[in-house]
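Report on one structure; see the data block that follows.
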Amino acid sequence: MLRLVLLLAGVVPLLTPSVIAAPADDRPFEERPTVGLVLSGGGAKGMAHVGVLRVLEEMRIPVDLVVGTSAGSAVGALYATGMPVSEIEQRFIELDWISSFQDDPGRAYKPVRRKQEDWRFPVVPGIGVRAGGLQLGGGIIAGQNLGFILNELTRSAALVEDFDDLAIPFRAVATDLETGEQVVLSDGNLSEAIRASMSIPGVYAPVERDGRLLIDGGIANNLPVTVAREMGADVVIAVDITDPLLKAEDLQEALSVVGQLTTLMTRMNTEYQLDRLQESDVLIRPDLEGRSSADFYEAPILFELGATSARNLAGELRHLGVDESRWQQFRARVDASAYSPGRIAHIRVEQDSRLAGEFLRSRIRQQVGEELDVEVLEEDLKRIYGLGYYETVSYSQSPSDQGTVLTVQVQEKSWGPNYLSFGLNYEDNFDSETRFNVGAAVRMTELNALGGEWQTGLQLGTEPYVRTQWFQPLDYGYQRFLISGAEYTRDSFTVFDDDGERSAEVDVTFRQLDLALGMELGGNGDVRLGYYRGFATVDEQVGESVAPSGAIHQGGLSLQLVHDSLDDIFNPQSGGFAGLRGQLEREGLGSDRRFDAVTGMGLGTGSWRDFTVTGLLYAHVVTRGEPGIENAIRLGGFRRLSAYAPGEITGANAAMASVFASQEFGGPFVPWFAGAGFETGNAWPSFEDASWNNTVRSWSVFAGVDTFLGPVQLATAYNNEDNWTAYLNIGFSFTQLFY
């Protein structure tokens with residue numbers, strides 16, 4: 001299989017061997033043979049390269065130049081910057097490598113208006129809509145988070161433009177997607193060069209550089225011995241971790257056949273390079289049988305396998321070592337390459353965008369004349385990326401006569417600027433209530449220089465929903481905005497009597513126009529003052545009459561304040577949500593009702609290792625007047641007093657408190673979880689009737705697996721009235737209670 005991306009984690013210190021003494025050498029340091037280190041691609045197996053580097057340093061073998069492909073380019077580049085092997089190990093330990101397979105920097109960096117629709121349309125598959133049809137991106141992953149990771153790892157070489165000026169001269173090898181030719185990267189931005197060398201076709205989007213689309217170098221030259229020779233290497237130390245070809249008996253499944261075809265490409269060019277090795281060169285082939293390019297959790301073993309393979313060839317390597325004084329001379333030269341970027345003299349924004357230039361600059365807090373604050377800059381760039389307009393958002397530094405120039409580069413999504421998203425939610429209590437909805441939305445962006453957007457969402461199923469809205473910023477920073485929309489929803493209300501038996505079924509349709517003036521409050525909050533006007537109609541009523549026939553006019557004002565820093569809309573493990581909304585309806589505003597109501601909700605969650613606790617408080621209180629059935633609050637159903645049927649607890653006023661605890665199992669690839677919860681609350685005609693004595697209680701246990709649609713969960717719940725129920729749920733979000 002083509003090289004998976006190299007990001008290492010879980011590294012442990014290697015077993016400390018005895019240092020093999022170097023032979024006596026009376027020659028001046030400069031008269032040594034030039035040693036070139038060549039590191040092949042191989043995904044997670046590239047961790048073996050670090051083990052080899054450790055042994056080369058133990059044997060005091062100076063490396064004069066480094067060439068790498070894919071995984072080898074990442075390890076080789078870090079070593080070429082002068083980073084000690086021990087630090088490379090430590091940096092890999094601290095990396096969240098799995099995030100390199102994600103572009104989304106995290107839900108916390110999205111604006112609140114995006115978060116409100118997360119639960120309804122959570123799937124954003126990278127599909128654009130144009131006049132000519134649907135448009136797909138160049139890869140499953142654009143490489144946004146990978147770019148941040150590589151920028152951080154190569155920060156010490158951010159001002160180096162010629163790779164010969166690194167502590168150790170370096171080359172990365174990529175492949176021209178158009179011609180299939182090898183492309184040797186010798187200058188420019190180092191992190192971008194690594195990124196290009198690691199761009200697995202169909203997984204990572206190609207990197208555009210000097211008019212070429214570049215992909216994984218393993219396709220053209222996975223073990224670039226000839227490149228090292230062209231750089232002047234007298235002796236090559238080549239480390240080959242290329243996948244071997246499978247035997248015929250192992251080629252019985254479709255995936256194995258596809259994997260064999262991709263391995264053939266890299267194996268053939270590797271064999272060609274192996275034929276270029278000379279008698280004085282050293283070939284190191286770690287014994288990686290049974291290991292794959294995805295074995296990221298085998299870091300300690302892979303490190304030791306690489307180190308062991310180098311120690312086994314100590315006799316062939318020994319003559320390349322130097323004595324202690326010459327080794328210190330080499331290290332001093334490498335360490336002297338450290339640089340200080342100084343203060344930022346100029347900030348330049350490179351974009352090809354429909355938006356005004358001030359749009360991006362207003363979002364970058366870095367100031368000219370100050371030293372670069374990487375954490376703040378990356379946070380700003382993540383928020384820019386969270387807007388959803390750009391395929392990649394990156395930065396680089398370059399020297400100038402005035403000082404360091406900070407360049408921010410944004411690349412618009414090749415499949416934009418109109419995007420599709422999808423959603424599905426399902427709830428079945430295996431008794432009397434099944435709810436199933438499937439939805440899709442199209443979002444048209446960059447409609448004017450300030451960043452106007454138009455989104456239309458459609459949901460079909462037991463709860464039909466249509467909403468179209470225009471979002472118009474009133475300044476470049478989105479601090480003030482207008483939202484105007486039109487909405488259609490249909491819902492079913494089940495009315496239960498005092499004995500818990502159904503007494504009526506009511507279907508109500510809502511049609512509404514709304515207009516809101518809002519302001520962002522930092523990155524995770526906003527406040528909105530709105531006016532809405534519409535009407536509700538009772539379409540069907542079975543059983544006891546509980547609602548008037550005909551249209552019920554609605555019109556009122558609302559003031560809403562929201563803070564949302566949850567890291568995940570469905571299964572949060574950190575962050576919180578706080579929402580407060582005041583609502584009033586009056587005849588003069590177009591309503592048949594006259595009432596005031598307040599809705600409040602607070603949600604907090606935290607994790608310790610794989611254990612998560614989530615707490616919730618929710619209340620809806622009518623402070624004045626008499627709302628109708630169309631304004632009733634419905635509880636019951638999954639995690640809304642779970643042991644009761646959906647809508648079984650209905651009233652003008654409601655309150656609920658709950659706590660859930662869960663433990664995660666199974667690791668990052670197929671995570672699943674199990675836990676338990678407690679919920680208490682009720683609904684009342686008047687909040688004055690509320691007391692602890694008339695609340696209901698529900699205890700539940702649940703288990704689920706996380707999917708791209710949200711968690712799929714099985715749960716069973718028991719209440720204080722000796723009733724049991726069970727649920728199958730897909731796509732539940734706590735924030736549905738508030739919105």
Side-chain angles (χ1 to χ4, degrees), residues 6-22 35-40 42 44-68 70-95 97 149-150 152-157 163 166-170 172 190-191 194 228 237-239 241 282 284 286 288 296 298-314 317-318 320-322 324 326-338:
L6 172 73
L7 284 179
L8 311 175
V11 180
V12 299
L14 296 172
L15 299 175
T16 304
S18 58
V19 176
I20 301 173
V35 177
L37 178 64
V38 177
L39 305 177
S40 77
K45 296 189 298 180
M47 288 183 277
H49 292 320
V50 185
V52 172
L53 289 174
R54 170 63 67 193
V55 173
L56 295 182
E57 294 222 329
E58 290 167 359
M59 297 182 66
R60 300 195 298 267
I61 298 176
V63 173
D64 301 295
L65 57 93
V66 183
V67 185
S70 195
S73 73
V75 176
L78 297 187
Y79 192 62
T81 63
M83 186 180 292
V85 175
S86 60
E87 185 177 346
I88 295 175
E89 293 175 354
Q90 187 60 34
R91 298 295 290 274
F92 286 158
I93 290 172
E94 297 171 353
L95 280 178
W97 61 265
I149 291 170
L150 295 177
E152 171 61 23
L153 289 173
T154 60
R155 191 194 304 180
S156 65
F163 297 167
L166 292 168
I168 301 173
F170 170 74
L190 182 61
S191 65
I194 303 169
I237 301 174
V239 186
I241 58 170
V282 180
I284 301 175
L288 302 175
F296 296 100
E298 301 295 329
I301 297 173
L302 290 167
F303 264 87
E304 188 55 35
L305 289 173
T308 299
S309 65
R311 293 188 190 112
N312 290 340
L313 294 172
L317 292 167
R318 185 172 179 270
L320 299 175
V322 297
E324 182 64 27
R326 288 174 172 78
W327 176 252
Q328 293 303 324
Q329 179 183 350
F330 169 75
R331 290 306 313 174
R333 187 185 71 190
V334 169
D335 295 341
S337 64

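Heavy-atom basis, side chains included; hydrogens, waters and symmetry copies ignored. Numbers here simply count residues along the sequence, with the first being 1.
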> Any side-chain heavy atom of P62 sitting closer than 4.5 Å to one from V35?
Replying inline: no
>> How close do M83 and I88 get, counting heavy atoms only, and between which atoms?
In response: SD-CG1, 3.6 Å
> Which atom names give the shortest non-hydrogen contact between V50 and E89, and what distance separates them?
Replying inline: CG1-CG, 3.9 Å
> Under a 4.0 Å N-O cut-off, is there an ion pair linking R311 with E304?
Replying inline: yes
> Rounded to the nearest 0.5 Å, how far apart are CG of L288 and CD1 of I301?
Replying inline: 11.0 Å
>> Has R60 got a side-chain atom pairing as donor or acceptor with G321's backbone, closer than 3.5 angstrom?
In response: no
> Where is the tightest heavy-atom contact between S73 and I194, given as atom of each residue plus distance?
Replying inline: OG-CG2, 3.8 Å
>> Any non-hydrogen side-chain atom of L190 less than 4.5 Å from a side-chain atom of F170?
In response: yes
>> Show the nearest heavy-atom pair for residues G46 and V75, with the distance to one decimal.
In response: O-CG2, 3.9 Å
> So how far is it from R155 CZ to L150 CG, rounded to the nearest 0.5 Å?
Replying inline: 13.5 Å
>> Quick one, R91 and E87 - any side-chain contact, counting heavy atoms below 4.5 Å?
In response: yes
> To the nearest 0.5 Å, what is the distance between CD (E57) and CZ (F330)?
Replying inline: 7.5 Å
> Atom CG of L39 and atom CD1 of I237: how far apart are they, to the nearest 0.5 Å?
Replying inline: 10.0 Å
>> In the structure I gave you, are the side-chain heavy atoms of I168 and L37 within less than 4.5 Å of one another anywhere?
In response: no
> Which atom names give the shortest non-hydrogen contact between V52 and S309, and what distance separates them?
Replying inline: CG2-OG, 4.2 Å
>> Taking the side chain as everything from C-beta on, heavy atoms only, tell me whether S191 gets closer than 4.5 Å to L153.
In response: no
>> What's the separation between atom CG in L56 and atom CD1 in I284, rounded to the nearest 0.5 Å?
In response: 6.0 Å
> With a 4.5 Å heavy-atom cut-off, do M47 and P300 have their side chains touching?
Replying inline: no
> So which of R326, E324, R331 actually passes side chain to side chain donor-acceptor pair (under 3.5 Å) with Q328?
Replying inline: E324
>> Looking at every heavy atom in both T81 and S156, which two are closest together, and how far apart are they?
In response: CB-OG, 3.9 Å
>> Quick one: does any side-chain atom of H49 pair with a main-chain N or O of G306 as donor and acceptor, under 3.5 Å?
In response: no
